[in-house]
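Note sheet for the following structure.
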Number of protein chains: 2
Amino acid sequence: MSVLGRAFSVLDAFADGTPSLRLTAIAERSALPLPTALRLVRELVAWGGLERQSDGSYRLGSRLWTLGGQAPCRRRLVETGRPVLDRLNRTTGLPVLLAALDGIRFVVVDGVGSTLRPGTMLPPHATAAGKVLLAYLPDSRRRQVLADLVRLTPYTLTAPGPLDRQLATIRAGAPASAWEEWRLGENEVAVPVDPFAAQGPAAALTVTARSAAQARRAVPLVARAALTISGSLRPAGQATACAARADAAGEPR
Amino acid sequence: MSVLGRAFSVLDAFADGTPSLRLTAIAERSALPLPTALRLVRELVAWGGLERQSDGSYRLGSRLWTLGGQAPCRRRLVETGRPVLDRLNRTTGLPVLLAALDGIRFVVVDGVGSTLRPGTMLPPHATAAGKVLLAYLPDSRRRQVLADLVRLTPYTLTAPGPLDRQLATIRAGAPASAWEEWRLGENEVAVPVDPFAAQGPAAALTVTARSAAQARRAVPLVARAALTISGSLRPAGQATACAARADAAGEPR
DNA sequence: GACCAGCTTTCATCCTGTGAAAGTGGGAGT
DNA sequence: ACTCCCACTTTCACAGGATGAAAGCTGGTC
């Protein structure tokens, strides 16, 4: 692994949302010897990617915020999606989320009425949005995910077979759903945004309800909202989906 | 300069808001030989900090967006500031901006009703918000800025003396103003958010108007809004301002 | 007062990043 | 059709920067 790779794994130590970490914790999470972690952390601080707090711990820095906010693919998605999310939240009265693929992770991109903040990671197999994105993943990666289905509630699907059948129906155009498979009391439905893009859908639009019936009732509205987003995403340029990165576990090409 | 430094200057090539750059442009902006730039860019792409587009050019990637969105100091500022900006925009009918220091740059953090997007850089000496932040900068850095005052309109203050006197009144508690000093037809007033923090104010709150009179009339509302933000920022923790980074051109310690 | 954890510094070793130079490929010009 | 040119990519011998074990700090705790 190169120097840069190490530095990135230092940053990735914060990816799960931990607001602040001490040096030792960073070193541990990124599997680096302490002096190495220290050197990297210092360079990151000098740049502004990390900040040192008065108690000696570190947190992600403002420079990272400024740069990250400029990422065109996500910015467009949020800017075009936001008004639609707002309306969908008002018409359904339910928390609304927009989720997308980030490398190999599934993350919340934006939300209205939900407690989940942008950047939160979602379990691929146990959320409706996760299933949508999973359905359109290239075979090899999808199989990777299906190989390790963690039980999160009594209702989580942990058998690859049934889940894969659900994914097939999603690809065929059915809305995705997850009935208390991630958290008890949360029933979600989700549909893809721009499902016919070459790279797969740009995002998944999802609502959460107390009951499955309530969630089902929202499906038409969610589907229409997703179409609206797809529509305003398409015309202004091909730069829709964030390019899938060619990562280590990637496919040929 | 270390490897990391080089990689950061590659990312910084996008800091001015350029949505996409070709390899050659990146190499030029970051003053790196082409093969070096290529190697760094590739590693950044593999991580997700950059993305390669179909035409071969690069843009900031989604991984950067996800990470950056987690930066605690900025997130808190935006989350607590947003409702106040909304209200201020409604009561004044004017575009509202929240700006802060990012390393050595002055950037827009959030806005309502303005065309300036978060991440946009502001000229320190020719905007009201810039003057507020400049006023509270440590002496050495302030002098650095005062030494190079670029003329942007016929009304831009390019003499250090008068500007420095304005900064003194701002430190004394007066609202900052800029009358068409950045762009013709734009008159701004600004006040600090949390001006008594150890590190200087967390941000500057500013409104823009067609006429100076209109801007002046808004001052009390802006000041009250800034107090509201300061108030909700303070209690929940000391993590208010983003730590000023110890950069190359920095002071002792 | 001794111990410990968490952090920082040092330094000899060596591996990784470096960039000049040469190679590739596609598009424009004639 | 041929050539030129530009943007990008690959190669490779070299050098300098990164490495991490070991040894010092510091402040808190028993």
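Letters A, B, ... are given to chains in the order of the sequence lines, protein chains preceding strands, and every chain is numbered from 1.
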Q: Name the nucleic acid region contacted by L23(A), choosing base, sugar-phosphate or nothing; use a 4.0 angstrom heavy-atom cut-off, strictly under.
A: sugar-phosphate
Q.
If you take any heavy atom closer than 4.0 Å to DNA chain D, which residues from residues 12-21 of chain A end up in contact?
A. none
Q.
Under a 4.0 Å threshold between the charged nitrogen and the carboxylate oxygen, would D12(A) count as salt-bridged to R29(A)?
A. no
Q.
Is the shortest side-chain heavy-atom distance between D194(B) and I229(B) below 4.5 Å?
A. no
(Q) Is there a side-chain contact between R42(A) and the phosphate of dT9(C), meaning an N or O under 4.0 Å from OP1 or OP2? (A) yes
(Q) Taking the nucleotide of DNA chain C with the nearest heavy atom to each, does A25(A) or V3(A) sit closer to the 5' end? (A) A25(A)
**Q.** Heavy-atom side-chain contact between V109(B) and D102(B) under 4.5 Å
**A.** no
Q) Any ion pair linking E181(B) and R151(B) (charged N to carboxylate O, less than 4.0 Å)? A) no
**Q.** Pair of N/O donor and acceptor under 3.5 Å linking dG20(D) base with R39(A) side chain
**A.** yes
Q. Are any of R6(A)'s side-chain N or O atoms less than 4.0 Å away from OP1 or OP2 of dA18(D)?
A. no
(Q) Does P35(B) reach a base, just sugar-phosphate, or nothing at all? Heavy atoms under 4.0 Å. (A) base
Q: Could you tell me whether D139(B) and R142(B) have a side-chain N and a carboxylate O separated by less than 4.0 Å?
A: yes
Q: Report the residue (L34(A) or M1(B)) whose heavy-atom-nearest nucleotide on DNA chain C is the more 5′ of the two.
A: L34(A)
Q) OP1 or OP2 of dG19(C) sitting under 4.0 Å from any side-chain N/O of T36(B)? A) yes
Q: Mark yes when over 12 heavy atoms from residues, nucleotides or ligands other than E28(B) sit less than 6.0 Å from its CD; otherwise mark no.
A: no
